[in-house]
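Here is the structure we will look at, set down as structure tokens.
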Amino acid sequence: MYLYSLTLQQATGIICAINGNFSGGKTQEIAVARGKILDLLRPDENGKIQTIHSVEVFGAIRSLAQFRLTGAQKDYIVVGSDSGRIVILEYNKEKNVFDKVHQETFGKSGCRRIVPGQYLAVDPKGRAVMIGACEKQKLVYVLNRDTTARLTISSPLEAHKSHTICYSLCGVDCGFDNPIFAAIELDYSEADQDPTGQAASEAQKHLTFYELDLGLNHVSRKWSEPVDNGANMLVTVPGGADGPSGVLVCAENFVIYKNQGHPDVRAVIPRRTDLPAERGVLVVSAAVHKQKAMFFFLIQTEYGDVFKVTLDHDGDHVSELKIKYFDTIPVASSICVLKLGFLFSASEFGNHGLYQFQAIGEEPDVESSSSNLMETEEGFQPVFFQPRRLKNLVRIDQVESLMPLMDMKVLNLFEEETPQIFSLCGRGPRSSLRILRPGLAITEMAVSQLPGQPSAVWTVKKNVSDEFDAYIVVSFTNATLVLSIGETVEEVNDSGFLDTTPSLAVSLIGDDSLMQVHPNGIRHIREDGRINEWRTPGKRSIVKVGYNRLQVVIALSGGELIYFEADMTGQLMEVEKHEMSGDVACLDIAPVPEGRQRSRFLAVGSYDNTVRILSLDPDDCLQILSVQSVSSAPESLLFLEVQASIGGEDGADHPANLFLNSGLQNGVLFRTVVDMVTGQLSDSRSRFLGLKPPKLFSISVRGRSAMLCLSSRPWLGYIHRGHFHLTPLSYETLEFAAPFSSDQCAEGVVSVAGDALRIFMIDRLGETFNETVVPLRYTPRKFVLQPKRKLLVIIESDQGAFTAEEREAARKECFEAGGVGENGNGNADQMENGADDEDKEDPLSDEQYGYPKAVSEKWVSCIRVLDPKTATTTCLLELQDNEAAYSVCTVNFHDKEYGTLLAVGTVKGMQFWPKKNLVAGFIHIYRFVEDGKSLELLHKTQVEGVPLALCQFQGRLLAGIGPVLRLYDLGKKRLLRKCENKLFPNTIISIQTYRDRIYVGDIQESFHYCKYRRDENQLYIFADDCVPRWLTASHHVDFDTMAGADKFGNVYFVRLPQDLSEEIEEDPTGGKIKWEQGKLNGAPNKVDEIVQFHVGDVVTCLQKASMIPGGSESIMYGTVMGSIGALHAFTSRDDVDFFSHLEMHMRQEYPPLCGRDHMAYRSAYFPVKDVIDGDLCEQFPTLPMDLQRKIADELDRTPAEILKKLEDARNKII
Amino acid sequence: MQASDRFNINSQLEHLQAKYVGTGHADLSRFEWAVNIQRDSYASYIGHYPMLSYFAIAENESIGRERYNFMQKMLLPCGLPPEREDE
């Protein structure tokens, strides 16, 4: 089995973000690392975050830093990754790519303890960069420029210190003196040797300054001084003319200003009043904002509170350090302050936010200062504050993030054409159920009812130079309605259009006159109001019409074509006639090319399943140039011209092309390249769009021509970053559409469906999925489908949080104490976090402020029944007494007394640290009542461990309780033990069954295949895996095969060899005798690993599903970083050959950007086996043309054929 | 020291042990071995962000806190060293 791996949704979480002027010029961009993806983002003028460029680097990016050479206008990006190399990138604005400027190897690849890459620090003047590891190694590279002003990099200078753990690195701003880097270090050598523990308790963190002597080209430890033992982060303080230089040391509960030869200035970080005393306050992200005359820092704590830190200084002397409460936003992995007054917060979990500064915290607020630091016997006196509503920031945009994706199911609950992905995302108060649908999201602007059923709609401008459309013309079966677009849209009668007849086409002709084609003729309305009518000869009527701005072709019944052209005076002149062999099914004329008088091509579709290209040139007018036969009669034709691009922000290199698109009656869209000179057709591709014959319309998207295809659902074909995308729109079935442009909506679409006129806009391009969000209360863990009623049962649990009632009580108390008294907020609806938009006058929305922290042994959990259709919770049971739900399944027991029951595995008083411990585990059995909408507890059975896996098996319930697999039957008061097997190595985390086989996943020992013998009432393991795999997700593929994913980011398939499988099935004892002969506590048989692939992200869920109607199934996975991918099996050997060769050439010709070898990355833990990386293959179109041709030549194909293959492979999956 | 000494197995090992932290030797104790493994593991968790977030979700802590905790645990990952037996 060979698989094609493709990422459908790129990771949405962010590891780190930096801001700078990467493209040069005034605009600031944000570079974000999303694991293996490097993105460049920019807030546009409307304050929306736009992705400018995105590249997969096939390596784990761990740190990013930006620097600028003195006097330069542009920032470079330094990347610390797992490649054992330092890579410096420059963003190339013209080609819209990252150029690798330098790549220097310094160590082994992989995220290792002593190989640098974890930390990066740059000299604020851009003269040197330090790259550090968790332990021991630090390397300094000197950056300079050569005579041609190109960036140069030196060989590395070592600043190693063994037995030393490094917590943080930063550059120190010391003007143009020798560059200095600061590090928080901890020496463990003595603690390792001292059995009494004295050395360990005395271990002291040090702040060390490393000086790079540019003259001697040498790095020395310049200064080292003990620092608070809770120190975890360093922030550079501006120096030189801007500030006092030195560093801010962020430690648990404190911020300390330190510099060489300067006394410490220390202030406590204010604490939330409700924070348990055992917890400290740790800074997790920081940003500095520098203006001409002032600077300040924004630091964010692990609870999300942002503080403004300011230094009072006189020259080099810092007299006071102040920490003032600023605002509270969700906890971020990085925050960036942009020059335009924006704050970008890359959230650790959940959506990222773009905020605008309303103020910079000048108003009085809770503040702690170094000058009033009070030391008491128990330590420093804390300062308390209460979080409040946003005062200084206002959120203007958010970027969706699925991180962390906890569980996912592909189901078609809404009976749509394609299934939906139901995913559990987020954590704690920001958790949600997100329903993903493949396709682009749209924004509906207006819907208005029309009198009767419209058949078609057009928009038309009055003059070619107008920016906006003037009329919407709607045609009915016997009339035409004209609406004028202004402040409002209203009916007009003075437009000159004939309203007593249906219309076939309405358009602007020439520069400023209008044309209406109706069955009996062509009405030409001149700008001054004169009207010319051309009438059809005899009793014949016009059936089809094709037109552009200067040319019109009509087809009369019977198959006669008449060609008109607009002459210099704007008059429509009949040019030529041509008799086709039969009736014409559809017509289209290519748009007039820039600077030309006419388009050369006319496409005519006939009912004899052919499409012909006819010439419109005067010398061979209406002669057939080429013929294409298609699988079914064409319904609609459209020429789509793709403009040439040499890259830039809107796309990769591609030459100009003309495509002929035909929508066929069997629902297929057929795309063919038209030779711009000869009109020959070549390179055709087809794709099934839906059950209705697609109707094609030309619209414009982001100023470029695009195609709207209306089948049983609407699709959009457009060019985005050099790729042609054909993506469904998440909207209802439409009949007819036209582009729409007005001053409220620059690029919209007006369409008719049923008896309504709909105007909508297409949102973010380039996205694979659009989502509907249903908020949840706690971190969702798992969910199951109640199959009969199509309801979802979700279990949610959180450690160290308060229950909703407790939170409500605390909140009331706090408001009463604070005298805020905003009444009416304490109602029960409000307990649901973010159920309404956050702008509501809720003083403390949990979604933003997070849940108050409780002591760590406290658990909260709930079981929720949710109706996905209405997105309403029909039942919510909050578990009491520190119980947390961990597993859930539906089960039908033998006796049909209750029908489908719900089993939930819970644990009471779970504790992970210092030792895993629990009070008791339980299995709850619930009965569905009120049509499945509500739950009623039948009984609760105590078990000795954590029931992490539950599954129905032959009318009984199988439970994995720690290392025990046990079979239960339903009793009146409790579950009854029937049979068990205690031989599992660690903890059972998944159980799947098929016939009499049971597939058990162990938390660290991969899969065990078991069998149940009913006659002997025995469970026994007959096969297991020989590789220790820390399972995180598993899925049953077929009788002998299981798919699994481990904690380290690998996906793998194991299969029981065919002969063994048969032997076991044929053996009357079911392999039991052999089972007794297992060696070394293992099973007698071993499964084979048949597929292995490193995804590079922790996979949390696996499922076999098909995303296209009637398509074959693929294995879909979701990851912690919020990406969704698929593994699709190849069906032909040829394809395997082709793609493995393409992959091989891509590896050679286009090595990954950050220096990690592709093959090594995909084989990071185990050698990759039988999986072809589609993400690498899909980088083919981004290669320069000559490289594309080179690879294509070696594969004996043309680049276009390769593109088609790639497109086909993707279309099989989604 | 003679030039040939540079290439004998012992000096090569010493070189490796000096260069690569955690390279073992014949007299490595169980404790030292475990400490190395643990430190390597923690460094790997810190380096692999998805894994760090996986732990953060399990413990309901922020990722920043989780990273700090792992760094802190690198000091004494296996508790105090055992009393050394006198030779």
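Everything numeric in this text was worked out from a predicted model, so none of it was measured. Just so it is clear, the values below take in all heavy atoms, side chains as well, and ignore hydrogens, waters and symmetry mates. Chain naming here is simple, since letters A, B, ... match the order of the sequence lines and numbering starts at 1 in each.
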Taking everything shown except A:Gln1004 itself, do over 12 heavy atoms lie less than 6.0 Å from its CD? yes
Next on the checklist: For the CD atom on B:Gln17, are there more than 12 heavy atoms of other groups (residues, nucleotides or ligands in this structure) within a distance under 6.0 Å?
Outcome noted: yes
Atom [atom1] in [X], atom [atom2] in [Y]: separation rounded to 0.5 Å?
X        : Y        : atom1 : atom2 : result
B:Asn60  : A:Trp859 : CG    : CH2   : 8.0 Å
B:Gln72  : A:Ile165 : CD    : CD1   : 8.5 Å
A:Asp798 : B:Ile57  : CG    : CD1   : 10.5 Å
B:Met71  : A:Glu135 : CE    : CD    : 9.0 Å

Counting heavy-atom pairs under 4.5 Å with chain A, the top scorer among B:Val35, B:Leu52, B:Asp40 is B:Asp40
Among B:Ser53, B:Cys78, B:Pro81, B:Pro82, the residue with the most heavy-atom pairs under 4.5 Å to chain A is B:Pro81
So which atom in [X] and which in [Y] form the shortest heavy-atom distance, rounded to 0.1 Å?
X        : Y         : value
B:Ala18  : A:Lys136  : O-NZ, 3.1 Å
B:Tyr54  : A:Thr1100 : CE1-CG2, 4.3 Å
A:Asn232 : B:Tyr68   : CB-CD1, 3.3 Å

Answer with side chain, backbone, both or neither: which region of [X] has an atom nearer than 4.5 Å to a non-hydrogen atom of chain B?
X         : value
A:Ile15   : both
A:Thr1032 : both
A:Ile184  : neither
A:Val1095 : neither
A:Ala200  : both
A:Met403  : side chain
A:Ala231  : backbone
A:Asn229  : backbone

task = For the pair B:Glu66 and A:Glu302, evaluate side chain to side chain contact (heavy atoms under 4.5 Å, CB included) and give the outcome as yes or no after the intermediate values.
result = CA-CA 10 Å; B:Glu66 204 65 25; A:Glu302 56 183 317; over 6 Å; no
Under a 4.5 Å heavy-atom cut-off, does chain A meet the side chain of [X], its backbone, both or neither?
X       : answer
B:Val21 : both
B:Ala56 : both
B:Tyr42 : neither
B:Ile63 : both

Can you tell which of [options] has the highest number of heavy-atom pairs within less than 4.5 Å of chain B?
options                                 : value
A:Thr196, A:Asp187, A:Val284            : A:Val284
A:Ala801, A:Ala60, A:Gly197             : A:Gly197
A:Ile61, A:Thr301, A:Val1120            : A:Val1120
A:Lys108, A:Met233, A:Gln193, A:Gln799  : A:Gln799
A:Cys166, A:Ser162, A:Gly230            : A:Gly230
A:Val283, A:Val1098, A:Asp82, A:Thr1119 : A:Val1098

Is it true that B:Asn36 and A:Arg113 share a donor-acceptor pair across their side chains at a distance under 3.5 Å?
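B:Asn36 and A:Arg113 do have a side-chain donor-acceptor pair below 3.5 Å.
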*asked:* What verdict does the side chain to side chain contact (heavy atoms under 4.5 Å, CB included) test give for B:Tyr49 and A:Met1121, after you've listed the backbone C-alpha separation in whole Å, the side-chain angles of each residue and the deciding distance to 0.1 Å?
replied: CA-CA 9 Å; B:Tyr49 194 82; A:Met1121 293 290 288; 3.8 Å; yes
Side-chain donor or acceptor of A:Lys853 paired with backbone N/O of B:Glu61 under 3.5 Å:
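Pair absent, no side-chain N/O of A:Lys853 close to backbone of B:Glu61.
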| task | Might you work through the side chain to side chain contact (heavy atoms under 4.5 Å, CB included) test for B:Phe55 and A:Lys1047, ending with a clear yes or no? | result | CA-CA 10 Å; B:Phe55 284 111; A:Lys1047 194 168 82 166; 4.0 Å; yes
Q. Cation over ring, B:Arg39 on A:Tyr188, under 6.0 Å and within 45°?
A. yes
Passes side chain to side chain contact (heavy atoms under 4.5 Å, CB included), A:Tyr167 versus B:Met74? Steps please.
-> CA-CA 11 Å; A:Tyr167 281 78; B:Met74 280 173 85; over 6 Å; no
